[in-house]
Every structure is written in C-alpha cells, then in structure tokens.
Amino acid sequence: FAQSYDRDYNWLTPYQNNSDSISIAHDPVHNRVFMCGMGTQMQEKWPSFTNLDATSFATFGNKIDVDGEILTSIPDGQGGYYIAGKFTKVNGQKRTYLAQINANNQLPSYNPTITYFVPPNAAIYSLHIANNKLFIGGGISTVNGQTRQNLAAFDLPSGNLLSWAPNPNNVVNSIES
C-alpha cells in the first residue's frame, strides 16, 4: 500500500515532521517502509526520503540526494522503489520528477522525459502500480514528447509509455484502483 498519513498519528512520533503529511509506502515482500516528507524535523534524520527496515525501523541503503522534494514513493516489486515529486536530479543524475531506485540503491537507466505545467502545480503527486503498469499523476503536460495532461502510464518492466491518455483537466493528487 501507499498512503499519506496525517501528522497526528502517534506511531509516527519518532519520525514526525512539521509538514502537513508524510507519504508512506510499504513493501511487505522485502520488509521495507519508504517514507517521504519535507519537514525540517524529518530532514534532521533524513533528507526528504528514507528507506527503513519495516521491523526495526533502521535505515537501509545510502542516502538519496535530490535537488527538490520527494512527495511520494512506491515499491517497484523487485526490492527497489519509484520516487516522485518536484525534483530534476537524483544523486547528481538528471531525473525530472520521477526516478526508479533499484534494490542496490542505484539509479537504473529508466529516465522518462516529463514536462510540466507552470508552478505551483508542477510535480508528480501520486504513483500507483497495477496490472504491470506504473501510473503517475500530478501537474504534468507531456511524457516522452507525448501529451499526457496530469496522468500517464508506463508498461512494466519495459518502462515504455502507454498510449492510454485520459488527459484530466485538473492536477491529479491521488490514484487508486
């Protein structure tokens, strides 16, 4: 599951931040929890994202360095995860608003070209995986040169952009199946 939790959830107290929410994704197969948020208290422990062991809550892997905000994450089903938000570089490599981090905490070659609307809505706010497809939602305008207003889908594991293009007229904040 991937879910945003209000900051009043008591079990999050050791990981609390001072932003409005923390996005949490759980990978039960690999016993990992991925948390992201932009509060300064959380940044003292982790930059805007952390990969935790789901049992001990010890950090796992190397720090993920982004030049912006990670707003959401989701396990990729192979021990890694996708991150999305408002950024253009991850670990010094160009990744516009979407990146995959593999199980070894490295960036694979997967790197779709995403363009976006004028800020403040320019970002990817939601990720969802279903039926071997990765869905992204947010304030976007094109993906890999194709019009994908606010919503797009990729085939997994190839990473190819799908022809599906519903083009909603508002920013997409959440995707569920």
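Note that the structure is a prediction, hence the values are computed from the model and not measured.
Taking all atoms of both residues into account, the shortest heavy-atom contact from T96 to I114 is CG2-O, 3.3 Å. Residues K89 and D67 share a closest heavy-atom pair of N-OD1, 3.0 Å. Here the closest non-hydrogen pair linking Q78 and A103 is O-CB, 3.7 Å. The two atoms that bring P112 and L98 nearest to each other are CG-CD2, 3.7 Å, heavy atoms only. Counting all heavy atoms, side chain and backbone alike, N111 lies closest to K94 at ND2-O, 3.1 Å. Contact between I136 and I175 at its shortest, heavy atoms only, is C-CD1, 3.6 Å.
Remark: F135 pairs with W164 by the ring pair (Phe, Tyr, Trp, His ring centres under 6.0 Å) rule, at least two apart or across chains. Shown here are the side-chain contact (heavy atoms from CB on, under 4.5 Å) partners of D155, two or more places apart in sequence or in another chain: S158, L162. Applying the side chain to side chain donor-acceptor pair (under 3.5 Å) rule to T113 yields no partners; only residues at least two apart in sequence or on another chain are considered.
Separation of atoms CG (L71) and CG (N173) is listed at 10.0 Å; rounding is to 0.5 Å. Annotation: the span from Y97 atom OH to Y116 atom OH amounts to 4.5 Å, rounded to 0.5 Å.
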As a quick check of understanding, evaluate side-chain contact (heavy atoms from CB on, under 4.5 Å) for L161 and R148, giving each step before the final call. CA-CA 10 Å; L161 180 66; R148 295 294 186 274; 3.8 Å; yes
Does the side-chain contact (heavy atoms from CB on, under 4.5 Å) test come out yes or no for V90 and D65, once each step is laid out? CA-CA 6 Å; V90 177; D65 184 33; over 6 Å; no
Test T72 against S126 for side-chain contact (heavy atoms from CB on, under 4.5 Å), laying out the working first. CA-CA 6 Å; T72 188; S126 184; 5.5 Å; no
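For the pair Q149/N169, a side-chain contact is recorded, criterion being any heavy-atom separation below 4.5 Å from C-beta on. Between I140 and Y125, every side-chain heavy-atom pair lies at or beyond the 4.5 Å cut-off. Side-chain contact between F154 and V143: present, with at least one pair of heavy atoms (C-beta onward) separated by less than 4.5 Å. Here the side chains of T88 and R95 are not in contact, with every heavy-atom distance at 4.5 Å or above. You'll find the side chain of L107 reaches within 4.5 Å of the side chain of I101, heavy atoms only. Two residues are said to be in side-chain contact when any heavy atoms from C-beta on lie closer than 4.5 Å; Y82 and L156 meet this criterion.
With hydrogens and angles ignored, the 3.5 Å screen pairs no side-chain donor or acceptor of N150 with any backbone N or O of V172. Remark: side-chain polar atoms of T115 are paired, donor with acceptor, to backbone N or O of T142 under 3.5 angstrom. Side-chain atoms of N102 do not come within 3.5 Å of backbone N or O of P108 as any donor-acceptor pair.
A donor-acceptor contact under 3.5 angstrom links the side chains of D76 and Q100, judged on distance only.
In the hydrophobic clustering of ILVMFWY residues, with side-chain heavy atoms under 4.5 Å counting as a link, L151 and I129 come out apart.
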